[in-house]
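All residue numbers in this chain count up from 1 along the given sequence.
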Amino acid sequence: LSYDELNNVLESLNRLNDSKNYKNATANYPPLYYLTEAIPYKILQNHSIVDRAYAMRIFSIIFILITVFFSYKIAQIFFKKNQFAPHVIAILVGFLPRFSFTGAGINNDAIVIAISTITIYILLKYLNRPITIYHSLIIGLVFGIGIISKPQFMIFFLFLIIFYFYKLI
């Protein structure tokens with residue numbers, strides 16, 4: 001099929017599912033990923049669905065870059081005396097084939113991975129510092145963003161409890 005023929009086939013598909021037994025769990029996911037991906041979709045609204053899909057995939061690379069950056073920052077915490085290791089970690093994370101495939105796709109895993117990496121970095125950064133209201137607000141903000149990205153982010157609630165339990169001891 002040529003590009004135009006493929007575009008015509010895709011445009012003619014009926015996306016409405018009127019089955020009474022149809023249940024799609026992802027239809028009930030929180031809106032953060034879909035709101036962010038609406039940006040390139042809206043910018044290219046007068047273009048073909050293929051163009052919009054590629055724009056959304058390219059836009060998702062932002063989440064990969066966030067993950068790589070915070071992986072680098074986490075490695076800096078662990079390898080304070082070794083300046084080479086954080087660079088290697090960032091390169092390894094950035095070039096993981098499965099992560100690259102997931103991150104550049106159109107699904108909300110990319111954003112939850114990015115926010116999870118930010119959460120791990122913040123918890124590690126504040127682990128050996130006195131906890132302040134400002135730190136708690138930052139943690140709460142990032143945790144809240146994680147919750148509105150995907151329900152599976154709730155696993156970090158356990159890490160949050162452990163973090164504050166450690167801080168109280």
Look at the rings of F156 and F159 and say which category their plane angle falls in: under 30° parallel, 30 to 60° tilted, over 60° perpendicular. tilted

Evaluate the criterion ring pair (Phe, Tyr, Trp, His ring centres under 6.0 Å) for residue pair F143 and F153; output intermediate values, then yes/no. CA-CA 8 Å; F143 190 82; F153 190 83; 5.6 Å; yes

Can you confirm whether P86 sits close enough to F78 that some side-chain heavy atom of one is under 4.5 Å from a side-chain heavy atom of the other? no

Of all heavy-atom pairs between Y33 and N107, which one has the smallest distance, and what is that distance? OH-N, 3.0 Å

Can any side-chain N or O of E5 pair as donor or acceptor with the backbone N or O of S2 at less than 3.5 Å? yes

Could you tell me whether the side chain of T36 reaches within less than 4.5 Å of the side chain of I62, counting heavy atoms only? no

Between V50 and M56, is there shared hydrophobic-cluster membership here, with clusters defined by ILVMFWY side-chain heavy atoms closer than 4.5 Å? yes

Close side-chain approach of Y72 and Q76, heavy atoms under 4.5 Å: yes

Checking side-chain hydrogen bond (donor to acceptor under 3.5 Å, both in side chains) for the pair Y164/S136: CA distance, chi angles, key distance, verdict? CA-CA 10 Å; Y164 278 106; S136 292; 3.0 Å; yes

Determine whether F95 and I74 fall in the same hydrophobic cluster, where Ile, Leu, Val, Met, Phe, Trp and Tyr are linked whenever their side-chain heavy atoms lie under 4.5 Å apart. no

Taking L158 as the starting point, is it possible to reach V142 by hopping between hydrophobic residues whose side chains are less than 4.5 Å apart? no

For V68 and G94, the nearest pair of non-hydrogen atoms, with its separation, is CG2-CA, 3.5 Å

What's the shortest heavy-atom distance between I111 and S149, and which atoms? CG2-CB, 4.0 Å

Taking the side chain as C-beta and beyond, is there a heavy-atom pair between L127 and L123 under 4.5 Å? no

Evaluate whether atom CD1 of I161 has more than 12 neighbouring non-hydrogen atoms of other residues, nucleotides or ligands under 6.0 angstrom away. yes

Report yes or no: does K73 contribute a side-chain atom to a donor-acceptor pair with the main-chain N or O of I122 at less than 3.5 Å? no

Side-chain (R52) to main-chain (H47) donor-acceptor, under 3.5 angstrom: yes

Any side-chain heavy atom of Y41 within less than 4.5 Å of one from I49? yes

Counting C-beta onward and ignoring hydrogens, is there a side-chain heavy-atom pair between F63 and I113 closer than 4.5 Å? no

For L35, is the CG atom crowded, meaning more than 12 foreign heavy atoms sit under 6.0 Å from it? yes

Minimum heavy-atom distance between R57 and I106, given as atom pair plus value: CG-CG1, 3.6 Å

May I ask whether I39 and I58 are part of the same hydrophobic cluster, defined by side-chain heavy atoms of I, L, V, M, F, W, Y residues being less than 4.5 angstrom apart, directly or through others? no

For side-chain hydrogen bond (donor to acceptor under 3.5 Å, both in side chains), just list the numbers for T132 and Y126, CA-CA rounded to whole Å, side-chain angles, deciding distance to a tenth of an Å, and then say yes or no. CA-CA 10 Å; T132 65; Y126 294 157; over 6 Å; no

ring-ring contact (aromatic ring centres under 6.0 Å, His included) filter on F157, not counting sequence neighbours, yields none

With no hydrogens and no angle check, do the side chains of D51 and Y3 hold a donor and an acceptor under 3.5 Å apart? yes

Just wondering, do I77 and Y121 contact through their side chains at under 4.5 Å, heavy atoms? yes

Which residue pairs pass the salt bridge (charged side-chain N to carboxylate O under 4.0 Å, His left out) test when at least one of the two sits in residues 99-121, sequence neighbours left out? D109-K150

Co-members of F84 in a cluster of I, L, V, M, F, W and Y side chains, linked at under 4.5 Å: V88, L92

Check for me, please, whether I91 and I89 land in the same ILVMFWY cluster - side-chain distances under 4.5 Å, paths through other members count. no

Non-hydrogen side-chain atoms of Q152 and V112 separated by less than 4.5 Å: no

